[in-house]
Amino acid sequence: MAGNTAVIHGKDAVCKYGTAGSGTTIDYIDSWSITTTLDTADSSRQEQEWKEVIPGMASWTATLTGHLLLSEASQLAIFQALIAATPGTKLTGGTALAFHINATNHYSGDSYITTFTVNSQLGDRVNFTIGVQGTGVLTQTVA
Amino acid sequence: MGYQTSVMHGKYASLFRYRANGFKGVGLNDATWGTGYSGGGSSADFDVAIFSTGTPDTYKFRKNEGAWDDNSSSGYNITGAAQTLSDSQTITFAATTGHTVDDQWSVGNFDTEATTEVTTTAQITTTTHRLCFPKKLTWTDSNNKTLFYEEYAIGKAHFDPNGGNVGTVTVSGNNAYIIPSGLDQIGYLTGWTLNTVLNMADASRCGQHWKEYIPGMASANGTAEALHIIADSFYQEFYENATDVNENVFLLELYFYDASQDQTGDSIKCWVVFNNWGLSSSLTDVVKENVSFNVFGIPSLVEST
C-alpha cells in the first residue's frame, strides 16, 4: 500500500471543497480533525473473564477551525449549507469535503454541516469552528 | 460591496441592538408608539428626540429621516397623552419630565412597500427598510403564492418553492420595521459569539455498515460580553424577556468587521430572546457583564455595504 512514508507536518495538510481529489483548498483553515467511531455490541457471556465485543455500525465526524473570511467562496458555501431557509444541504459530489494530508492522500465522504460557530473577541482575529457529521462511508484515498 | 477579503481582527467587531420602542439613549425610556399609522399607500418611519428639558420636557420629530420639525425651535411639549406626529402616527410619553436631551425613539410602518422578486422569493427593495419585526408583516403576492418562510432580519419572504414564481409582491404592517440608525450600539463591547446547530436524525438500518443521517431542525444561540455600563447594559432586555407576558424579541446586528463602527461591515442579523445575564466584579478587573441569547428563527448573513 502506498501513502506517505515520512511524517507530515500539519501545516501541509489542507481541507478541500469540491469533487474529492480535485477540489479547491478552503483558504484560511488552521486545523482540522476527523474522528471515526465503530459501535460495538457486548457479546460477553457467563464463565468468561474478559469481555468480548462484536462490531456494529461505523460513523464519522470532523471539525475545522480557521479565520472567518466569507469572501472565500468555499467558506461561504459551507456557512450556507447550514444557515439557509432550508438548513441541511448535504455536501456530496461536487460539493464534498476532503481532508488532505498531502496532495494525493485524503479522506472524504458525504456529510452535513451540523455546527458553525463564529467567535469575535477584542484580542484576537475573528474565528470560526465548523462541526461536520458524516453520513455513509468515510473513504481513504491513498496514492 | 462584498464580504471582507482579508483576515479580520476582533477589535473591529461591533454590536448594535434594537431596544424597546426603538430607543437610543441614556435616560428615561417611557415612550410607546401608536399603531394607527395611515399612510395612504406610502410607508414611513418616524424619529422622535427629546429637544429640551423643563416642565414639561419637549420633543422634536422627523419623518423618513428628513429635516427635524422642532416647532420653530420651541420643541413640542410632552403632555403624557397620545400626541400625533403626522399621518395618524402617535407617540405617548408616560412622564412629562425626567427625559434626557437627544434621547431618541424610532418606528417604521409599511404600506404596500415594494419588494424585489426573484423566482419564489421577495425582498424589500429599500435596504434601510429591511430590519423587520417578526409576525408584523403582511405579504401580498399578485400570483397568490403561499408564504413559506420569512427572514425578518433582512426583510425577505420565501414562498412555496414548488408553487411557481411569485408575481408582484408588496408588504404592509404598522410598527413593522426599524431603520438602521434607530439601533443602539453597545459601546463597551469586548466580544460576541454565535453558534448555529443542525439536529440530525439517525437513518441507519440493517444491512448497512456506515451510519446515515437526515437533517432535522436548525437553531442558533450566542453570547455577548461588555464592560458594564448601566445605561448601555443588556439587563433591561433580559428583564423584559423574563417578566413581560408578551412575547418580546430583540434585534441584534453582530458585525464581524465594522472598522468605522457605523453599521457598514459584514454582519449577522438576528432576532433573539435573552436567556441569561450575568455580572462579575473582582479585585483586579473592571466590572463586566455577559449575556446569552437564543435566536428566534433564522440568523441572516449580510455583506458589507
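We name chains A, B, ... by the order of the sequence lines, and we start the count at 1 in each one.
Separation of atoms OG (A:Ser120) and CD (B:Glu225) is listed at 10.0 Å; rounding is to 0.5 Å. The distance from atom CD of B:Gln4 to atom CG of A:Leu70, rounded to the nearest 0.5 Å, is 10.0 Å.
At a 4.5 Å heavy-atom cutoff, B:Thr121 makes no contact with chain A through either its backbone or its side chain. Proximity to chain A is absent for every atom of B:Leu254, based on heavy atoms less than 4.5 angstrom apart. Contacts between A:Phe79 and chain B at a heavy-atom distance below 4.5 Å involve the side chain alone, from C-beta outward. Proximity to chain B involves both the backbone and the side chain of A:Asn119, based on heavy atoms less than 4.5 angstrom apart. In this structure, chain B has no heavy atom under 4.5 Å from any part of A:Thr89. Residue A:Leu138 touches chain B through both its backbone and its side chain, counting heavy-atom pairs closer than 4.5 Å. For a residue to count as touching a neighbouring chain, one of its non-hydrogen atoms must lie under 4.5 Å from one of that chain's; by this rule B:Phe148 touches chain A with the side chain only. If you measure heavy-atom distances from B:Glu150 to chain A, you find no contacts under 4.5 Å at all. Only the backbone of B:His209 comes within contact range of chain A, with at least one heavy atom under 4.5 Å from a heavy atom of that chain. For A:Tyr28, the part lying under 4.5 angstrom from a heavy atom of chain B is the side chain only.
Of the listed residues (A:Thr36, A:Thr129, A:Val126), the one with the most heavy-atom contacts under 4.5 Å to chain B is A:Val126. Comparing A:Lys90, A:His67, A:Arg125, A:Gln121 by how many heavy-atom pairs each has under 4.5 Å with chain B, the most go to A:Gln121. Here A:Leu122 is the residue among A:Asp110, A:Asn127, A:Ile113, A:Leu122 with the most heavy-atom pairs under 4.5 Å with chain B. Comparing B:Leu198, B:Leu189, B:Val197 by how many heavy-atom pairs each has under 4.5 Å with chain A, the most go to B:Leu198. Per-residue counts of heavy-atom pairs under 4.5 Å with chain B were compared for A:Leu38, A:Thr86, A:Leu68; the largest is that of A:Leu68. Residue with the most contacts toward chain B among A:Val118, A:Ile83, A:Leu82: A:Val118 (heavy-atom pairs, distance under 4.5 Å). Your options are B:Met217, B:Gln208, B:Glu151, and the one with the most heavy-atom pairs under 4.5 Å with chain A is B:Gln208. Note: A:Ala58 leads A:Ala58, A:Ala85, A:Gly88, A:Gly56 in heavy-atom pairs under 4.5 Å with chain B.
At least one side-chain heavy atom of A:Leu76 sits less than 4.5 Å from a side-chain heavy atom of B:Tyr3. Residues A:Tyr112 and B:Met200 are in side-chain contact: their nearest non-hydrogen atoms beyond the backbone lie under 4.5 Å apart. At a threshold of 4.5 Å between non-hydrogen side-chain atoms, the residues B:Ser204 and A:Met57 count as touching.
Within a 6.0 Å sphere centred on CZ of B:Phe133, other residues, nucleotides and ligands contribute more than 12 heavy atoms. Crowding of A:Tyr17 atom OH: a count of heavy atoms from other residues, nucleotides or ligands under 6.0 Å exceeding 12. Annotation: B:Lys288, atom NZ; neighbour count of heavy atoms from other residues, nucleotides and ligands within 6.0 Å does not exceed 12.
Put simply, the side chain of B:Thr196 never gets that close to the backbone of A:Thr115: no donor and acceptor are under 3.5 Å apart. A donor-acceptor distance shorter than 3.5 angstrom exists from the side chain of A:Thr135 to the backbone of B:Tyr213, with no hydrogens or angles considered.
Between A:Asp39 and B:Lys211 there is a salt bridge, since a side-chain N of the basic residue sits under 4.0 Å from a carboxylate O of the acidic one.
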